[in-house]
Amino acid sequence: MRPVLTAAFDRFLVLNPELLDLCTAWQTHIVDGAMTMNDHRDSSYDARVLDRFTEFHQRAEPLCAELSAALLRFRRYPVRLADALARARSGALEYVTDSTASYHTVWFQLHEDLLATLGIPRH
């Protein structure tokens with residue numbers, strides 16, 4: 001099982017920087033050439049970022065399925081990630097990065113679980 005988890009973790013590490021960039025895009029917005037905090041008044045901008053989250057999620061699903069097949073406890077992550085994305089897409093914007101059940105928080109918890117499972121210290 002460890003080789004499966006290690007290979008999945010390697011794929012996770014490829015996706016992780018993209019997720020972090022998406023979170024930054026969600027939390028900030030360039031207005032008149034200056035980066036500012038995203039106040040979420042520009043719904044078209046938010047919709048574009050949510051579309052990018054959806055595309056990311058579709059690419060993360062196979063990884064989550066592989067982890068779920070390897071260890072039962074990983075089954076909670078794809079459910080929680082999909083729920084956070086669905087809630088955000090339905091207008092509960094805090095489910096992107098700003099709640100304890102947000103996409104970002106669940107992804108972070110998955111990351112921590114993988115590190116702990118594989119015995120890899122966080123640097």
Side-chain angles (χ1 to χ4, degrees):
M1 174 179 18
R2 185 170 179 86
V4 170
L5 293 173
T6 301
F9 182 65
D10 289 343
R11 285 189 295 288
F12 177 93
L13 291 177
V14 171
L15 291 171
N16 194 51
E18 183 178 350
L19 185 271
L20 297 176
D21 287 345
L22 284 171
C23 291
T24 298
W26 181 255
Q27 295 172 329
T28 61
H29 190 23
I30 297 178
V31 178
D32 298 325
M35 185 177 289
T36 62
M37 294 303 295
N38 185 4
D39 59 13
H40 303 289
R41 287 187 287 180
D42 184 344
S43 59
S44 63
Y45 175 81
D46 283 356
R48 287 191 306 275
V49 177
L50 281 175
D51 286 346
R52 290 173 53 204
F53 264 97
T54 300
E55 292 168 12
F56 173 88
H57 182 74
Q58 290 168 347
R59 286 182 286 110
E61 283 179 317
L63 169 66
C64 289
E66 184 176 344
L67 289 168
S68 296
L71 280 176
L72 293 179
R73 78 165 184 275
F74 283 104
R75 288 184 180 175
R76 66 181 176 238
Y77 295 108
V79 172
R80 292 177 63 213
L81 289 167
D83 180 62
L85 183 58
R87 288 174 184 253
R89 292 199 68 83
S90 70
L93 302 182
E94 67 274 14
Y95 280 89
V96 178
T97 61
D98 298 328
S99 88
T100 58
S102 73
Y103 199 96
H104 175 259
T105 299
V106 175
W107 185 262
F108 175 80
Q109 291 167 348
L110 172 58
H111 191 179
E112 290 296 313
D113 199 351
L114 279 166
L115 290 171
T117 300
L118 293 169
I120 300 170
R122 179 172 272 290
H123 299 300

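Residue numbers count from 1 along this sequence.
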Engineer: If you measure from CG on L63 to CG on L15, what distance do you get to the nearest 0.5 Å?
Structural biologist: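 Answer rounded to 0.5 Å: 6.5 Å.
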Engineer: Would R87 and E94 pass as an ion pair if we require N to O under 4.0 Å?
Structural biologist: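 No, this pair does not count.
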Engineer: Measure the spacing between CZ of R76 and OG of S68 and express it to the nearest 0.5 Å.
Structural biologist: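 Going from the CZ atom of R76 to the OG atom of S68 covers 10.0 Å.
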Engineer: Using 0.5 Å steps for rounding, measure from the NE2 atom of H40 to the CH2 atom of W26.
Structural biologist: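 Going from the NE2 atom of H40 to the CH2 atom of W26 covers 5.0 Å.
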Engineer: Identify whether the distance between the nearest side-chain nitrogen and carboxylate oxygen of D46 and R89 falls below 4.0 Å.
Structural biologist: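 No, D46 and R89 are not salt-bridged.
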Engineer: So do F9 and L115 actually touch side chain to side chain, heavy atoms under 4.5 Å?
Structural biologist: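 L115 vs F9: side chains touch.
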Engineer: For T117 and D113: C-alpha separation, side-chain torsions, deciding distance, then whether side-chain hydrogen bond (donor to acceptor under 3.5 Å, both in side chains) applies.
Structural biologist: CA-CA 6 Å; T117 300; D113 199 351; 3.2 Å; yes
Engineer: Does any N or O in the side chain of T36 come within less than 3.5 Å of the main-chain N or O of H29, such that one atom is a donor and the other an acceptor?
Structural biologist: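 Confirmed, T36 side chain pairs with H29 backbone.
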Engineer: Between the side chain of T6 and the main-chain N/O of R2, is any donor-acceptor distance below 3.5 Å?
Structural biologist: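 Such a contact is found between T6 side chain and R2 backbone.
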Engineer: What's the spacing between T105 OG1 and L110 CG if we round to 0.5 Å?
Structural biologist: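 Result: 12.5 Å between the selected atoms.
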Engineer: Could you grab the distance from atom CG of L81 to atom NE2 of H57, nearest 0.5 Å is fine?
Structural biologist: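 Taking CG in L81 and NE2 in H57, the distance rounds to 6.5 Å.
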Engineer: Hey, does Q27 have a side-chain heavy atom less than 4.5 Å from the side chain of T97?
Structural biologist: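 Sidechains of Q27 and T97: in contact.
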Engineer: Got a salt bridge between R122 and E112, using NZ or NE/NH1/NH2 to carboxylate O under 4.0 Å?
Structural biologist: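 E112 and R122: salt-bridged.
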Engineer: List the residues meeting ring-ring contact (aromatic ring centres under 6.0 Å, His included) with F56, not counting sequence neighbours, and say none if there are none.
Structural biologist: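 With neighbours one apart ignored, the set is W107.
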Engineer: Check the orientation of F74 and Y77. Use parallel for under 30°, tilted for 30 to 60°, and perpendicular for over 60°.
Structural biologist: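 Judged by the thresholds at 30° and 60°, the geometry between F74 and Y77 is tilted.
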Engineer: About how many Å separate CG of L85 and OH of Y103, when rounded to the nearest 0.5 Å?
Structural biologist: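 Going from the OH atom of Y103 to the CG atom of L85 covers 6.5 Å.
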